[in-house]
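Step one of this worksheet: look at the structure below.
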Amino acid sequence: MIRGVGVDLVAPARLEALEGKWDDPFFRRIFTEAERAEAAAREAEAGPRAALRYFTGRFAVKEAVVKALNTEDVVVEFPQIETLTAKTGAPTTRLVGDASPLDARFKLHVSLSHEEQLAMAIAVAEG
């Protein structure tokens, strides 16, 4: 059964002031260590704009997942949502940290799309 649906749009300009400062407390507070490592690999391969694009998309996914899941009995925060890239290139999202018990309760489906000045994500929570 579908528990909830969330969608979000994020402009890279929201994060641009911190571009290249990936160790900033903001990034450590919002993104998991694995997400920061994946962004660093993208930056090493394609430059800082690739990392900015990565973080913008992951931020949109976090917003969408929160909208899909957060109800009176379920509260999930950004650092508890981890989205990494599968070998196919598709985003895979799971709940981690204090929210990891919820990962077995809900199946998350996410889709992510980028344009030059916008990232969009949709999340569907089954459970």
Discussion item. Ignoring hydrogens, what is the shortest heavy-atom contact between G6 and A68? Give both atom names and the distance.
Written reply: N-CB, 3.7 Å
Worksheet item: Can you hop from L102 to L84 via hydrophobic side chains spaced under 4.5 Å?
Response: yes
Practice prompt. If a pair satisfies ring-ring contact (aromatic ring centres under 6.0 Å, His included) and one of its residues is in residues 87-119, list it, with sequence neighbours excluded.
Written response: none
Fill in: pair L95-L108: side-chain heavy atoms closer than 4.5 Å
yes
Worksheet entry | Heavy-atom check, side chain of V10 versus side chain of L118, under 4.5 Å | no
Fill in: V96 side chain reached by D103 side chain, heavy atoms, under 4.5 Å
no
Worksheet entry | Shared hydrophobic cluster for V110 and V66 (ILVMFWY, side-chain gaps under 4.5 Å) | yes
Fill in: CZ-OG1 distance between R94 and T92, expressed to the nearest 0.5 angstrom
8.5 Å
Response to the item:
When rounded to the nearest 0.5 Å, the distance separating CD1 of I81 from CG of L69 is 7.0 Å
Worksheet, complete the sentence: The reported gap from CG in L9 to CD in E115 (rounded to nearest 0.5 angstrom) is 11.5 Å
Worksheet item: Just how far is it from atom CD of Q80 to atom CG of D98, taken to the nearest 0.5 Å?
Response: 5.5 Å
Worksheet item: Can D8 and K67 be said to form a side chain to side chain contact (heavy atoms under 4.5 Å, CB included), step by step?
Response: CA-CA 9 Å; D8 197 61; K67 291 172 183 175; 3.0 Å; yes
Worksheet item: Which pair of heavy atoms, one from A119 and one from A60, lies closest together, and at what distance?
Response: O-CB, 4.2 Å
Worksheet entry | Over all atoms of both residues, closest heavy-atom pair of A64 and A121 | CB-O, 3.8 Å
Worksheet item: Is R58 close to L112 at the side-chain level, that is, under 4.5 Å between some pair of heavy atoms?
Response: yes
Worksheet item: Would V65 and I2 show up in the same hydrophobic cluster when neighbours are defined by side-chain heavy atoms closer than 4.5 Å?
Response: no
Worksheet item: Can you tell if the side chain of L52 reaches within under 4.5 Å of the side chain of L15, non-hydrogen atoms only?
Response: yes
Discussion item. Applying ring-ring contact (aromatic ring centres under 6.0 Å, His included) as the test, list every pair that has at least one member in residues 68-100; sequence neighbours left out.
Written reply: F59-F78
Show the atom names and distances, to 0.1 Å, of all donor-acceptor pairs under 3.5 Å that link a side chain in residues 26-50 to residues at least two apart or in another chain.
| from | atom 1 | to | atom 2 | distance (Å) |
| --- | --- | --- | --- | --- |
| R28 | NH2 | D23 | OD1 | 3.3 |
| T32 | OG1 | E35 | N | 3.1 |
| T32 | OG1 | E35 | OE1 | 3.4 |
| T32 | OG1 | E82 | OE2 | 2.8 |
| E35 | OE1 | T32 | N | 2.8 |
| E35 | OE1 | K62 | NZ | 3.0 |
| E35 | OE2 | K62 | NZ | 3.4 |
| E35 | OE2 | T83 | N | 2.8 |
| R36 | NH1 | F31 | O | 2.6 |
| E38 | OE1 | Y54 | OH | 2.7 |
| E38 | OE1 | T85 | N | 3.2 |
| E38 | OE1 | T85 | OG1 | 3.1 |
| E38 | OE2 | T85 | N | 3.2 |
| R42 | NH2 | T85 | OG1 | 2.9 |
| E43 | OE1 | W22 | NE1 | 3.2 |
| E43 | OE2 | W22 | NE1 | 3.0 |
| R49 | NH1 | E16 | OE2 | 3.0 |
| R49 | NH1 | E19 | OE1 | 3.0 |
| R49 | NH2 | E16 | OE2 | 3.3 |

